[in-house]
Amino acid sequence: MTTARWNRKDLLGLRELSADEINLVLETADAFKQVGTREIKKVPALRGKTLVNFFIEPSTRTRTSFELAAFRLSADVINITASASSLSKGETLKDTAKILEANHVDIIVLRHSSAGAPQFLAERLRSSIINAGDGAHEHPTQGLLDTYTIREKKKRIEGLNVVIIGDILFSRVARSNIFALTKLGARVTVVGPSTLVPRDFEKLGVAVSYDIDKVLPTADVVNLLRIQHERQRKEYFPGVGEYIRLFGLTKERAKLLKPDCLIMHPGPINRGVEIDSEVADGNQSVILNQVTNGLAVRMAVLYLCGGIAT
């Protein structure tokens, strides 16, 4: 049980969080997960607070999860997209956010294609800023929910071998996972084409491999990532067929895994590309558990940051 206290107005990334702070979020999520099992799935923790889901970059899963988390905490919720905001008329991100703050918005959940956008707002607004994904920088709540899921299923993080496979270079999910898992004592290996898994990642305290068949037998957890075509300016590998052959978790390749190895994916899944459908829906898959746990983790984050908001 951690004795850490939460003193942060914002959640911008996991790189700056301590192990104790990460554990505090996970322990808070434990309590909120129980809310989802009740007949009345609501608590008054953020009653009277207003949250804006400000999604400049689209994401149905993350936005819906934050919206539902806020509703369950009894907050008022407004959803804004880039096309429905004054950004489409040329207004700056700062001015739009200032207008929101002038309307006494307490929490802004921001998803943006530019790395650093949440920090830019956090430095200029009294409202709490929650990073829901910024460019190829971080996706902290995804990293937290992945870590929570691993801890729930394995009862620990320390000492586990976690393998992250796919587009590491452009993945904010990979970075947030790496920061959380290494701080909590896991051994992390990143795997993929050399063009998408540069050796520079070793500086983050992880091992780099280009041979998936070599690392799978010792893995306790395998987290598969989608190829981020929308963030790439060119093709980083010959084609989908080549990627499947070398790095896809096919039904045959999954036989290399230990029987208790967890299979994860942040979604959306490209079935038949990074993972075979039968494997994604199999007994070792915890993909749907990730979705359920994402709600509890986001409730925890909103509660912790919302309590600091002025």
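Computed over heavy atoms, backbone and side chain alike; hydrogens, waters and symmetry mates excluded. This one's a predicted model, so the numbers in the text were calculated from it and none came from an experiment.
Considering only heavy atoms from C-beta on, Leu12 stays 4.5 Å or farther from Glu138 through its side chain. In this structure the side chain of Leu100 reaches within 4.5 angstrom of the side chain of Ile80, judged on heavy atoms. Side-chain contact between Leu51 and Leu46: absent, with no pair of heavy atoms (C-beta onward) separated by less than 4.5 Å. Side chains of Ile263 and Leu224 form a contact here, defined as non-hydrogen atoms less than 4.5 Å apart. For the pair Phe32 and Leu73, the minimum side-chain heavy-atom distance is below 4.5 Å. Contact of the Lys9 side chain with the Cys305 side chain is not registered, since no non-hydrogen atoms from C-beta on lie closer than 4.5 Å. Under the 4.5 Å side-chain criterion, counting only non-hydrogen atoms from C-beta, Lys33 is in contact with Glu152. Under the 4.5 Å side-chain criterion, counting only non-hydrogen atoms from C-beta, Val222 is in contact with Cys261.
Both Phe179 and Val208 sit in one connected hydrophobic cluster of ILVMFWY residues. Membership requires side-chain heavy atoms under 4.5 Å apart, directly or through other members. No continuous path of hydrophobic side-chain contacts links Met264 to Leu288 [ILVMFWY only; heavy atoms under 4.5 Å]. Under the 4.5 Å side-chain heavy-atom criterion for grouping Ile, Leu, Val, Met, Phe, Trp and Tyr, Val105 is not connected to Ile99 through any hydrophobic cluster. Cluster membership for Val206 and Tyr210, using ILVMFWY side-chain heavy atoms within less than 4.5 angstrom, is shared. Residue Val25 is not grouped with residue Val291 when hydrophobic side chains (ILVMFWY) are merged at heavy-atom distances under 4.5 angstrom, including chains of intermediate members.
Heavy atoms from other residues, nucleotides or ligands lying under 6.0 Å from CG of Asn283 number 12 at most. The environment of Lys251 atom NZ is sparse: at most 12 non-hydrogen atoms of other residues, nucleotides or ligands sit within 6.0 angstrom. Counted within 6.0 Å of CD on Glu27, heavy atoms from surrounding residues, nucleotides or ligands total more than 12; the atom is thus considered enclosed. Enclosure of atom CZ in Arg253 by more than 12 non-hydrogen atoms of other residues, nucleotides or ligands within 6.0 angstrom is indicated. In this structure, Gln119 places its CD atom where only 12 or fewer heavy-atom neighbours from other residues, nucleotides or ligands lie under 6.0 Å away. Few gaps surround NZ on Lys258; more than 12 heavy atoms of other groups in view lie less than 6.0 Å from it. Counting heavy-atom neighbours within 6.0 Å of Glu278 CD, excluding the residue itself, gives a total of 12 or less.
Considering all non-hydrogen atoms of both residues, Lys154 and Asp220 come closest at CE-O, 3.5 Å. Taking both residues in full, the closest heavy atoms of Pro44 and Ser74 are given as CA-OG, 3.6 Å, listed atom of the first, atom of the second, then distance. Ala186 and Val162 get closest at one heavy-atom pair: CB-CG2, 4.2 Å. In this structure, Ala174 and Leu225 approach most closely via the heavy-atom pair CB-CD1, 3.7 Å. The heavy-atom pair separating Ala117 from Leu93 by the smallest distance is CB-CD2, 4.1 Å. Closest heavy-atom contact between Thr182 and Gly205: CG2-O, 4.1 Å.
With hydrogens and angles disregarded, no donor-acceptor distance shorter than 3.5 Å links the side chain of Ser285 to the backbone of Asp281. The backbone N or O of Arg61 sits nowhere less than 3.5 Å from a side-chain atom of Ser65 that would complete a donor-acceptor pair. A donor-acceptor contact shorter than 3.5 Å links the side chain of Thr37 to the backbone of Gln34. In terms of modelled atom types and a separation under 3.5 Å, the side chain of Arg187 and the main chain of Gly159 share a donor-acceptor contact. Judged by distance alone, the side chain of Gln284 and the main-chain N or O of Val279 form no donor-acceptor pair under 3.5 Å. A donor-acceptor distance shorter than 3.5 angstrom exists from the side chain of Lys41 to the backbone of Arg38, with no hydrogens or angles considered.
A distance of 6.5 Å separates CE of Met299 from CZ of Arg72, quoted to the nearest 0.5 Å. In this structure, CG on Asn289 lies 4.0 Å from NZ on Lys153, to the nearest 0.5 angstrom. Expressed to the nearest 0.5 Å, how far OH of Tyr148 lies from CG of Asn23 amounts to 12.5 Å. Remark: Ile130 CD1 to Leu110 CG distance equals 10.5 Å, nearest 0.5 Å. The distance from atom CG of Asn177 to atom CD1 of Ile168, rounded to the nearest 0.5 Å, is 9.5 Å. Going from atom NE2 of His139 over to atom CG of Leu145 covers 8.0 Å, rounded to the nearest 0.5 Å.
With Glu67 as the partner, the side-chain hydrogen bond (donor to acceptor under 3.5 Å, both in side chains) test is satisfied by one option alone out of Thr62, Asn79, Asn53: Asn79. Partner of Glu21 under the salt bridge (Lys or Arg N to Asp or Glu O under 4.0 Å) criterion, out of Arg8, Arg5, Arg15, Lys183: Arg8 alone.
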**Asked** Should Leu11 and Asn131 be marked as a side chain to side chain contact (heavy atoms under 4.5 Å, CB included) after you check the CA-CA gap, both sets of side-chain angles, and the distance that decides it?
**Response** CA-CA 6 Å; Leu11 178 64; Asn131 181 5; 5.9 Å; no
**Request:** Would you sort out whether Val163 and Asn223 count as a side chain to side chain contact (heavy atoms under 4.5 Å, CB included), showing the intermediate values?
**Result:** CA-CA 6 Å; Val163 177; Asn223 200 348; over 6 Å; no
**Request:** Report the C-alpha distance between Arg226 and Asn270 in whole Å, list the side-chain angles of each, state the deciding distance to 0.1 Å, and finish with yes or no for side-chain hydrogen bond (donor to acceptor under 3.5 Å, both in side chains).
**Result:** CA-CA 7 Å; Arg226 184 176 60 87; Asn270 288 316; 5.9 Å; no
**Request:** Report the C-alpha distance between Arg151 and Asp30 in whole Å, list the side-chain angles of each, state the deciding distance to 0.1 Å, and finish with yes or no for salt bridge (charged side-chain N to carboxylate O under 4.0 Å, His left out).
**Result:** CA-CA 11 Å; Arg151 191 194 70 157; Asp30 281 333; 2.6 Å; yes
**Request:** Go through the steps for Ile129 and Arg124 under the test side chain to side chain contact (heavy atoms under 4.5 Å, CB included), then give the verdict.
**Result:** CA-CA 10 Å; Ile129 307 299; Arg124 289 161 176 81; over 6 Å; no
**Request:** Report the C-alpha distance between Asp146 and Gln290 in whole Å, list the side-chain angles of each, state the deciding distance to 0.1 Å, and finish with yes or no for side chain to side chain contact (heavy atoms under 4.5 Å, CB included).
**Result:** CA-CA 6 Å; Asp146 288 347; Gln290 289 173 266; 2.8 Å; yes
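Of the N and O atoms on the side chains of Asn293 and Thr149, at least one donor lies less than 3.5 Å from an acceptor on the other residue.
With salt bridges taken as basic N to acidic carboxylate O contacts below 4.0 Å, none links Arg111 and Asp134. A salt bridge is defined here as a Lys NZ or Arg NE, NH1 or NH2 lying under 4.0 Å from an Asp or Glu carboxylate O, and Glu252 with Arg245 fails to meet this definition.
Annotation: cation-pi geometry not satisfied between Arg63 and Phe55 (NZ/CZ under 6.0 angstrom from ring centroid, within 45° of ring axis).
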